[in-house]
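Take a look at the structure below.
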Number of protein chains: 2
Amino acid sequence: MNTDSNLLTQISAALPTLNKSETKVADAILRNPEAATRSSIAVLATDAGVSEPSVNRFCKRFGANGFPDFKLRLARSLVAGVKYMSRAVELDDGVDVYPKKLFDNTIAALLLAKEHLPTAALDRAVDYLAQARRIYFFGLGTSAAVAADAEHKFFRFNVPAMAYTDPLMQRMLAAGAGVGDVFCFISHTGRTRPIVEVAELAKQSEAAVMAITAPNSPLAAVSHCVIETRVSEDTDAYLPMTSRIVQLVLLDVLATGVALRRGERLLPHLARIKDSLKATRTDEASN
Amino acid sequence: MNTDSNLLTQISAALPTLNKSETKVADAILRNPEAATRSSIAVLATDAGVSEPSVNRFCKRFGANGFPDFKLRLARSLVAGVKYMSRAVELDDGVDVYPKKLFDNTIAALLLAKEHLPTAALDRAVDYLAQARRIYFFGLGTSAAVAADAEHKFFRFNVPAMAYTDPLMQRMLAAGAGVGDVFCFISHTGRTRPIVEVAELAKQSEAAVMAITAPNSPLAAVSHCVIETRVSEDTDAYLPMTSRIVQLVLLDVLATGVALRRGERLLPHLARIKDSLKATRTDEASN
DNA sequence: ACCGAAATGTAGTTTTATTACCTAATTAAG
DNA sequence: CTTAATTAGGTAATAAAACTACATTTCGGT
């Protein structure tokens with residue numbers, strides 16, 4: 001049930017199932033996880049008010065080989081910065097707290113996504129995109145910005161890409177699609193009706209339909225190629241903050257994949273574009 | 001000179017300055033950093049073909065208190081996944097390699113940004129934004145997509161925000177600006193001339209000018225409030241991949257900051273917007 | 001209240017890391 | 001070219017940390 005890779009969350013999730021001394025150890029660790037990674041088993045035992053073997057047992061209970069191994073895992077978990085038990089921003093968070101939380105959440109989302117990379121789907125998607133005569137990126141709301149970004153990036157790679165955020169335009173383009181067109185739909189939930197309808201339209205043509213969206217969604221169902229993104233309900237409660245970042249990086253991956261497929265010839269092209277931008281600069285710099 | 005917080009990069013950077021046995025240790029670690037975090041000092045010493053104290057000395061040379069502390073630091077560095085010495089994508093990278101690299105780069109950029117959060121500037125920026133009568137987000141190129149995203153996010157928070165990506169529109173709006181207007185410029189380099197010009201125009205009005213951009217840039221110079229973002233030259237060589245992600249998260253921070261400043265009243269508003277979106281869904285779900 | 005099972009602690013053993021010291025290598029001066 | 005000085009590196013002893021086996025306690029059930 002709990003596939004969470006973060007030790008801290010695992011521990012706090014398991015809290016109710018722990019017995020007395022284990023709870024003490026868990027408390028001591030959660031009280032100051034950073035310190036726990038630095039202390040020896042003796043210090044932590046004193047800190048928790050239990051004996052050393054209890055700490056050791058605790059470690060093994062959470063899948064570690066022993067205390068040192070446990071510390072290592074803990075250190076890893078901490079990097080993602082998820083040291084705030086409730087990772088959601090609280091109303092009374094100060095300016096020195098909530099920015100870090102937001103960064104931590106984003107980093108955690110990326111780490112998670114990195115662990116569940118749909119490699120096969122990405123490869124197939126690159127196949128589609130690399131051969132495309134023309135690529136359309138469609139998204140609404142937050143995903144519109146993602147689509148715009150994708151257009152820009154693919155364009156730089158000399159791929160004929162266009163982003164449309166107007167449902168009517170999307171409809172028209174999907175209806176008139178033909179062989180060689182690739183439609184890439186971006187939707188966090190895959191349940192935004194206008195987007196799904198356009199995808200269905202596109203599917204009826206000769207065009208290829210791909211989607212960056214949630215698994216088992218209506219949008220996923222109508223797509224030839226789906227790049228699944230997991231939805232983390234809790235952090236994206238009111239605003240899709242982390243999900244769109246993952247989408248963006250996945251589009252980076254696709255663009256890079258297409259570029260790699262084309263091989264070396266691309267680099268001079270990028271250099272040329274970069275040069276053309278220099279004219280708009282007051283000084284030397286990359287974009 | 002080297003403020004790099006990543007142990008691995010630190011080690012490989014220091015390679016030329018190391019003596020014989022230190023080099024052996026460094027090689028052994030770089031050969032398989034993951035394994036190094038798991039092995040004991042004895043194993044690593046054998047692996048490197050040196051004695052245990054040599055390994056210990058090596059650890060201290062890199063600022064650790066001893067071998068266990070060193071392992072901990074190493075483990076931390078590895079999480080960012082920067083285990084690829086050359087983090088740049090190579091032409092012969094397979095589909096199981098380059099996506100991870102891209103994610104790693106992005107995560108590394110966020111970790112770096114998190115460590116150098118311009119807290120004071122963020123707080124001031126929230127002051128400006130929270131009091132704004134109207135907010136304009138201006139960006140060009142890749143930053144245009146960021147601006148569009150910002151517009152969307154602030155709008156959801158019931159803040160009158162608009163994004164413009166057309167330089168002419170930007171000019172007109174800047175020229176006609178007045179008290180209560182806040183202009184937020186987004187530019188990776190801060191040297192894109194059209195943007196700087198518009199910022200100068202806006203500065204001449206009664207409006208507040210803020211920027212998410214590089215320090216010591218022309219754009220930073222004309223802004224009342226600058227949120228500095230560091231530019232990592234190597235990974236963003238040809239395309240600004242990681243920098244725009246950092247910008248996006250910084251805008252998340254600003255939007256959240258404004259929301260927090262307003263306090264609880266906001267939550268029902270968000271819930272209402274969420275409900276209004278449900279109508280466009282084929283099923284229940286968050287955006 | 002007593003028995004048994006689970007939980008926790010104690011003490012001893014083993015492993016791991018550190019320190020102090022010694023030897024070999026290297027370099028610069030005579 | 002030798003030799004003294006200095007540094008690098010290794011050996012072995014010491015100290016620290018972690019683990020194991022076993023003893024004791026605690027708790028739930030009868």
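Naming convention: chains lettered A, B, ... in sequence-line order (proteins, then strands); numbering from 1 in each chain.
- Between B:A28 and B:A48, the shortest heavy-atom distance links the atoms CB-CB, 3.7 Å.
- Put simply, B:K20 has a side-chain N or O that comes within less than 4.0 Å of OP1 or OP2 on C:dT26.
- Spacing between atom CG of B:N65 and atom P of D:dA16 amounts to 15 Å, rounded to whole angstrom units.
- The distance between atom NZ of A:K71 and atom P of D:dA17, rounded to the nearest whole Å, is 9 Å.
- The nearest whole Å value for the distance from the CZ atom in B:R61 to the C1' atom in D:dA8 is 12 Å.
- Taking atom CG on B:L18 and atom P on D:dG9, their separation rounds to 10 Å, with Å as the unit.
- Shortest non-hydrogen contact noted between A:A255 and A:K153 is CB-CD, 3.5 Å.
- Here A:N19 does not reach the OP1 or OP2 of C:dA6: none of its side-chain N or O atoms lies under 4.0 Å away.
- The pair B:R261-B:D123 meets the salt-bridge criterion, since a charged nitrogen lies less than 4.0 angstrom from a carboxylate oxygen.
- As rounded to whole Å, 16 Å separates atom C1' of C:dT18 from atom CZ of B:F70.
- Residue contacts for B:K24: at a heavy-atom cut-off of 4.0 Å it reaches no nucleic acid atom on any strand shown.
- C:dA7 atom P lies 8 Å from atom CD of A:E22, rounded to whole Å.
- In this structure, A:K60 does not reach the D:dA18 phosphate: none of its side-chain N or O atoms is under 4.0 Å from OP1 or OP2.
- Applying a 4.0 Å cut-off to non-hydrogen atoms, the residues of residues 35-57 of chain A that approach DNA chain C are A:V50, A:S51, A:P53, A:S54, A:R57, listed by residue number.
- Taking the side chain as every heavy atom from C-beta outward, B:D252 and A:R244 approach each other to under 4.5 Å.
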Item to check | Intermediate values then yes/no, salt bridge (charged side-chain N to carboxylate O under 4.0 Å, His left out), A:D96 and A:K100 | outcome: CA-CA 7 Å; A:D96 45 356; A:K100 278 182 204 294; over 6 Å; no
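- Listed by first and then second residue, the ring pair (Phe, Tyr, Trp, His ring centres under 6.0 Å) pairs that reach into residues 41-60 of chain A are A:F58-A:F62, A:F58-A:F70, sequence neighbours excluded.
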